Amino acid sequence: MGDKKDIKTLLKTYNQEHIVKFLENLDGTKKDILEKQIEKIDFDQLSELYENTKKEIEIKENKIEAIKYLDKDKLGYNEKNRYDKIGEEIIKNGKYAVVTMAGGQGTRLGHEGPKGTFKLDVYGKGKYIFEILTENLKEANKKYNTIIPWYIMTSKENHEATKEFLEKNNYFGYDKDNVILFMQSELPLLDLEGKLLMGKDMKIKEASDGNGGVFSSLRSSGALADMKERGIKWVFIGGVDNVLAKLADTTLIGVTIDQGLQLGSKSVVKANPHERVGVFCKMNGHPKVIEYSELPEKMAEEIDADGELKFGESNILCHLFSIEAVEKTSKEVLIYHTAVKKNSYINEKGKEIIPKEANTYKFEAFIFDAFDLFDNMAVLRVKREEEFAPVKNKEGADSPKTAKELYEKFWQKRKATV
Ligand code: UTP
């Protein structure tokens with residue numbers, strides 16, 4: 001494939017001849033880099049993804065059922081103890097790892113730099129999000145007399161900045177040998193006509209391929225092999241932006257193992273039947289997170305025998321996978337969802353175009369699409385005010401302001417009860 005003629009033919013075959021012109025105007029290293037990048041692109045996959053953007057979404061006759069869940073707050077003392085003991089054994093014996101997915105672009109927050117480097121204005125002095133997550137893990141390490149390996153997924157875009165930040169802050173006192181950064185994969189962006197876009201750096205524009213990329217990236221980066229070498233049996237996978245996330249929850253581990261399952265996840269109860277969040281359910285016999293837009297209104301309002309919403313367990317991106325489940329999923333191709341986003345590019349005259357309207361398709365896999373590969377999963381309902389304070393938007397709901405309030409309130413209460 002290193003043959004230049006082949007590259008041109010390839011580009012022409014896939015209707016990307018505009019890139020040939022860029023190639024012809026480049027020389028030296030820049031040309032080499034671009035050629036190497038083109039060689040790595042899976043053009044068949046890309047064509048298929050583009051074709052999918054034009055297809056009507058198939059409305060299948062789906063069988064949607066409620067999924068069983070346990071409410072952490074309503075577990076009896078002995079029952080909770082039993083679960084916690086199971087979880088404790090896993091953590092204490094070095095069989096537990098945490099993955100933080102930090103490869104997102106954080107466009108809604110608008111912070112310059114990776115989201116984990118955002119400083120939340122708590123207690124006057126402020127704390128970085130990565131610092132808060134580290135504190136949570138360090139507390140668990142102390143409690144269970146271990147060091148939990150912490151894997152952080154970055155993107156090509158933010159890898160260096162993340163690494164530099166953690167180094168500069170001495171990993172907030174975490175044992176450096178147990179912090180493993182791995183990069184997630186990317187996919188090229190396409191314009192609305194299916195053409196590749198050229199960036200200012202004379203490389204084809206690519207973007208991280210969604211948090212569902214975590215499994216294949218764990219595998220291709222060697223992080224999964226590293227986990228297996230360390231004897232890890234259970235892997236918690238969560239987002240970077242929940243400052244109240246409990247990264248080492250023995251109850252979640254215990255419940256999942258006790259039910260003989262390979263997957264577990266936490267939920268918080270929906271604020272109201274029409275809250276715009278994804279909820280856990282079973283679809284066609286498999287666990288799923290169904291988007292609010294896909295859940296028929298009548299179902300969204302349905303009440304069960306206990307007077308609770310039948311579809312009320314919303315997803316907070318706190319998932320537990322057995323190592324076998326991670327391995328299995330890493331070999332599967334998850335479906336890609338399409339988002340239409342604004343992206344600047346260089347036109348054929350070499351001029352940078354900054355679009356006013358969304359002009360590109362971005363392809364993203366979602367972690368919860370992996371649930372479909374399994375027959376069942378454990379769902380553990382937790383209290384929103386104790387475990388969910390996301391930093392998503394610049395202002396309003398799920399913003400630094402709401403996260404700060406929730407964080408400070410939680411810790412105030414906790415200090416008062418200890
Ligand atoms: P979000 O869907 O909230 O996306 O990601 P985001 O990139 O952080 O923010 P916006 O939508 O651009 O404002 C949920 C979690 O998944 C991670 C994010 O870092 C976050 O922890 N993620 C998302 C990845 O690791 N990789 C991706 O490609 C996308």
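Just so you know, residue 1 is the first one in the sequence shown, and it goes up from there. In each ligand, atom 1 is the first atom listed, and ligand 1 is the first ligand listed. Because the structure is predicted, anything quoted here is derived from the model rather than measured.
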| query | Looking at ligand 1, does any of its N/O atoms fall within less than 3.5 Å of an N/O of Gly106? | reply | yes
| message | Between Asp226 and Tyr151, is there a side-chain donor-acceptor contact under 3.5 Å, judged purely by atom types and distance? | response | yes
| query | Taking Lys115 for the side chain and Val391 for the main chain, is one N or O donor matched with an acceptor at less than 3.5 Å? | reply | yes
| message | When you measure from the side chain of Ser217 to the backbone of Val214, do you find a donor-acceptor pair of N or O atoms at a distance under 3.5 Å? | response | no
| task | Might you confirm whether atom CD of Glu48 has over 12 heavy atoms from other residues, nucleotides or ligands at distances under 6.0 Å? | result | no
| remark: Looking only at non-hydrogen atoms, the one of Asp398, Ile237, Val391, Asn211 nearest atom 29 (C) of ligand 1 is Asn211
| Any Lys/Arg nitrogen of Arg381 or Glu308 sitting under 4.0 Å from an Asp/Glu carboxylate oxygen of the other? | yes
| query | By number and element, which atoms of ligand 1 are closer than 4.0 Å to a non-hydrogen atom of Ala102? | reply | 19 (O), 25 (O)
| note | Counting from 1 in the order shown, the ligand 1 atoms closer than 4.0 Å to a non-hydrogen atom of Lys115 are 8 (O)
| Closest candidate by heavy atom, reference atom 18 (C) of ligand 1, pool Gly104, Ser208, Ala365 | Gly104
| Got an N/O contact under 3.5 Å between Lys392 and ligand 1? | yes
| query | Can you tell which of Arg108, Glu364, Glu186 gets a heavy atom nearest to atom 2 (O) of ligand 1? | reply | Arg108
| query | Given Asp84 and Thr251, is the side-chain hydrogen bond (donor to acceptor under 3.5 Å, both in side chains) satisfied, shown in steps? | reply | CA-CA 5 Å; Asp84 286 341; Thr251 321; 2.7 Å; yes
| query | Are the charged groups of Lys404 and Glu408 less than 4.0 angstrom apart, N to O? | reply | yes
| request: Could you list which atoms of ligand 1 come closer than 4.0 Å to a heavy atom of Gln105? | output: 7 (O)
| If we only count N/O pairs under 3.5 Å, is Lys341 in contact with ligand 1? | no
| query | Does an N or O anywhere in Leu109 fall below 3.5 Å from an N or O of ligand 1? | reply | no
| query | Does even one non-hydrogen atom of Leu317 get within less than 4.0 Å of ligand 1? | reply | yes
| query | Under 3.5 Å, N or O to N or O, is Gly103 touching ligand 1 that way? | reply | yes
| note | One finds that the ligand 1 atoms under 4.0 Å from a non-hydrogen atom of Met153 are 25 (O)
| Residue Gly210 vicinity, atoms of ligand 1 by number, heavy atom under 4.0 Å | 26 (N), 27 (C), 28 (O), 29 (C)
| task | Measure from the side-chain N and O atoms of Asn359 to the backbone N and O of Asn343, and report whether any donor-acceptor pair falls under 3.5 Å. | result | yes
| Lys127 bridged to Glu135 by N-O distance under 4.0 Å | yes
| query | Looking only at N/O atoms, are Gly239 and ligand 1 under 3.5 Å apart anywhere? | reply | no
| message | With side-chain hydrogen bond (donor to acceptor under 3.5 Å, both in side chains) as the criterion, how do Asn52 and Lys55 come out once you've worked through the C-alpha distance, each side chain's angles and the decisive distance to 0.1 Å? | response | CA-CA 5 Å; Asn52 286 346; Lys55 280 189 198 149; 3.2 Å; yes
| task | Quick one: look up the protein heavy atom nearest atom 26 (N) of ligand 1 and list residue, atom name and how far away it is. | result | Gln184 OE1, 2.6 Å
